[in-house]
Each structure stands twice: as structure tokens, then as C-alpha cells.
Amino acid sequence: METSAEADLRLRDMTAEDLAASHALSIEAQWPHRPEDWDLMFGVGFGVVAERAGKIVGTTMAWPYGADAATLGMVIVSQACRGQGVGRKLMDAVMARLGERTILLNATPDGTPLYRKLGYEPVGSIHQHQGAAFSVPIPRLRKGERVRPLGASDAAAVIDLDRRATGLERPELMTAVLKSGQGVILDRGGEAVGFALFRRFGRGYAVGPVVSPDRDGAKALISHWLGSNAGMFLRVDTPGDSGLSAWLEEMGLKEVDRVTTMVRGNAPARGDGAAPYAIVSQAFG
Ligand SMILES: CC(C)(COP(=O)(O)OP(=O)(O)OC[C@H]1O[C@@H](n2cnc3c(N)ncnc32)[C@H](O)[C@@H]1OP(=O)(O)O)[C@@H](O)C(=O)NCCC(=O)NCCS
């Protein structure tokens, strides 16, 4: 028999009018997103909300990339309504809309048991580093290499590098993210082989995504933003296998949290010569 709480629950597509109430939920969960961060996420994806007595008590969002993949995130249920199956229903609804796509997500410890039950497997981790850097050594660059400002004509190269590094086809997202900040390119003999973006996010600024052929290149790219923003609050979300955590700690960006990357379906195949050293955000991957 349905309890009155269950009968009262309504799931529906998220609209732009729901963003303020959704933002209030992420504040309650002590997540740092600003209204502008929700706007960007909604602009390139879609969401499902759970309502009880006309009040939004839960959210989930997803971002389809190409025909076969998607990321899923912003899975939040208000504290008073947790443990009553709302999260499960939101996940079922958003996954039904994604069909047979491979789905990637970054799971908090709260979310991991639910995702495991839904068939997601852990494949990696994301280390969240943040803080202020005060003294940044001059990066070691190789012969023929330089870090230069990213211009409008670099957009296609950035989208291609992101695709090779992540295996995800997401020109729409990358175009929106490029518009939301500034960037630098790792240039080798006139060819763009890596990039790092710098954008407003949450409490301060985020360095990411960062794509590079190797760790030294990633350090050179990130050093550019740390050095030119000494003393400012910056955040870098780096994959556990990037090997950058110890260096970021040395720079003054402490690891404050760690989430588990999980996948349902076949993980996207990555290309050669480019790897992710910082993600766009935990939601976008
Ligand atoms: C994660 C979250 C959305 C779950 O929402 P919820 O409404 O409480 O989840 P549900 O009640 O639908 O529980 C889902 C399933 O996970 C199980 N589960 C939940 N927490 C669990 C735990 N700590 N240990 C074991 N199982 C757990 C439930 O038993 C349920 O299983 P069932 O469907 O087989 O009965 C909620 O805790 C939340 O908003 N947390 C804060 C934000 C967050 O971290 N979100 C995750 C981002 S990745």
C-alpha cells in the first residue's frame, strides 16, 4: 500500500523556474554552487525534480554527450526527506530519459550505496584541491614549448583535445565553458597540445578542465593560473591517476575531499596523446 508521503510525491522535468529552489537545495547540502553555476548546467543539460506539497525536495540532472554517453549529477534530496526512496525515484526517472547510454558520475559517500544498487561500478577517483597559492616556481618548459593565451581560433582544437582526453563528444558543453572563462594553450612548435581554463565557480575560481599530453605540461598550464592569481581562492578537481595531488598540496592547494568516479555501461575509449589533469566539474566530469 502506498503511504501518504509516497502518494504526495510528484516527479517532473526541471524548468528554468525551478533553478532558485534547486540552488537552495544545494546550499542546504553545503555545496558551493552559485545561481550562475546552476544556469550553466541547465543550459546544456536537463533535470528532474521531486516535489512534495508543491515544494521541491529533490533534484537530479544529466548531460548527454554524443549518441552514446552522458554524465549525471546534482543528485540531492532535502535532509528531511532522505531515506524514503526519493533519491532512487529521481535516479530511475533521469536514467529512463538517458536510455542505453553509458552514464558516468562522481559519487559522494552519501550517494555511493544508491549508485551501486543501480549497477554503477567504481572506475577512479577525483581529488578536490583548494586554497591559495602564494609562491609558484617557474614551470619547466621543453624546447619549442610555450604557454600562450587561448584565442577564439583555438576553440576547435580545445574541443578535439577534450574529446581525445575524455572519450566524450561534447562540443556544446565545451563551447559554453569556454565562454564562461579564460584559457591558456600549451603550444608545441605552433601546435596546440594542451589547455587549461580558468573560470568563476562556487566560492572562488576553478582551474579546469586541464588537458595535457603529460604531467609536466599540466603543471606548466596550472602554474600559469596559480602564479597569476597568487593569494586567491582556487579549486582544482584532479583525477586520482593524474599524479598531481602531492604537487598541488606543495603549491598550497590542500585536498579537502575525494569522490568516486563510477560508470554504468562501457567506459568511453580515450585517445592517445592527451589526458585529463583536471575535470570541468564533478557534475560535468
Ligand atoms: C544521496 C541522496 C540523494 C540519497 O537520497 P535518498 O532519498 O536518501 O535515497 P533513497 O532513500 O532513495 O535510498 C536509495 C537506496 O540507497 C540505499 N541507501 C541509502 N543510503 C545508504 C547507506 N548509507 N548505506 C546503505 N544503503 C543506503 C537505500 O536503502 C536505498 O536502497 P533501496 O532503493 O534498495 O531501498 C541523499 O542522501 C543526499 O541528498 N545526500 C546529500 C547530497 C549528495 O551527496 N548527493 C549525492 C551526490 S553524488
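Order of listing sets the numbers, starting from 1, for every ligand and every atom in it.
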Does the pair R235/D37 count as a salt bridge with the N-to-O cut at 4.0 Å?
no
Do H127 and S245 meet the criterion of a side-chain donor-acceptor pair at a distance under 3.5 Å?
yes
Is there a nitrogen or oxygen of [X] sitting under 3.5 Å from a nitrogen or oxygen of ligand 1?
{"X": "V75", "result": "yes"}
{"X": "D110", "result": "yes"}
{"X": "W31", "result": "no"}
{"X": "R88", "result": "yes"}
{"X": "G111", "result": "no"}
{"X": "A29", "result": "no"}

Write out the residue and atom name of the closest protein heavy atom to [atom], then the distance separating them to 0.1 Å.
{"atom": "atom 24 (N) of ligand 1", "result": "P113 CG, 3.7 Å"}
{"atom": "atom 37 (O) of ligand 1", "result": "R82 CD, 3.4 Å"}
{"atom": "atom 35 (O) of ligand 1", "result": "K117 NZ, 4.3 Å"}
{"atom": "atom 48 (S) of ligand 1", "result": "Y115 OH, 3.1 Å"}
{"atom": "atom 44 (O) of ligand 1", "result": "T108 OG1, 2.6 Å"}

Side chain of R199, backbone of V280: donor and acceptor closer than 3.5 Å?
yes
Kindly say whether Q79 contributes a backbone atom to a donor-acceptor pair with the side chain of E28 at under 3.5 angstrom?
yes
Taking the side chain as C-beta and beyond, is there a heavy-atom pair between [X] and [Y] under 4.5 Å?
{"X": "V259", "Y": "Q128", "result": "no"}
{"X": "M262", "Y": "T112", "result": "yes"}
{"X": "V75", "Y": "V94", "result": "no"}

Is [atom] less than 4.0 angstrom from some protein heavy atom?
{"atom": "atom 27 (C) of ligand 1", "answer": "yes"}
{"atom": "atom 13 (O) of ligand 1", "answer": "no"}
{"atom": "atom 42 (C) of ligand 1", "answer": "yes"}

Relative to [atom], which among [options] owns the nearest non-hydrogen atom?
{"atom": "atom 8 (O) of ligand 1", "options": "G87, G83, P109, A283", "answer": "G83"}
{"atom": "atom 16 (O) of ligand 1", "options": "L72, L25, L114, V77", "answer": "L114"}
{"atom": "atom 11 (O) of ligand 1", "options": "S78, G85, C81", "answer": "G85"}

Parallel, tilted or perpendicular for Y120 and Y115, by the 30°/60° rule?
perpendicular
Taking the inter-plane angle between the rings of Y205 and F198 on a 0 to 90° scale, is it parallel (under 30°), tilted (30 to 60°) or perpendicular (over 60°)?
parallel
Can you get from L25 to F42 by hopping between Ile, Leu, Val, Met, Phe, Trp and Tyr side chains that sit under 4.5 Å apart?
yes
Neighbour count above 12 (heavy atom, 6.0 Å) for R203 CZ:
no
Mind checking whether N106 has a heavy atom under 4.0 Å from ligand 1?
yes
Distance-minimising heavy-atom pair for A69 and R101
O-NH1, 3.0 Å
With heavy-atom distances below 4.0 Å as the criterion, list the atoms of ligand 1 near A107.
48 (S)
For V86, atoms of ligand 1 separated by under 4.0 Å from a heavy atom:
7 (O), 12 (O)
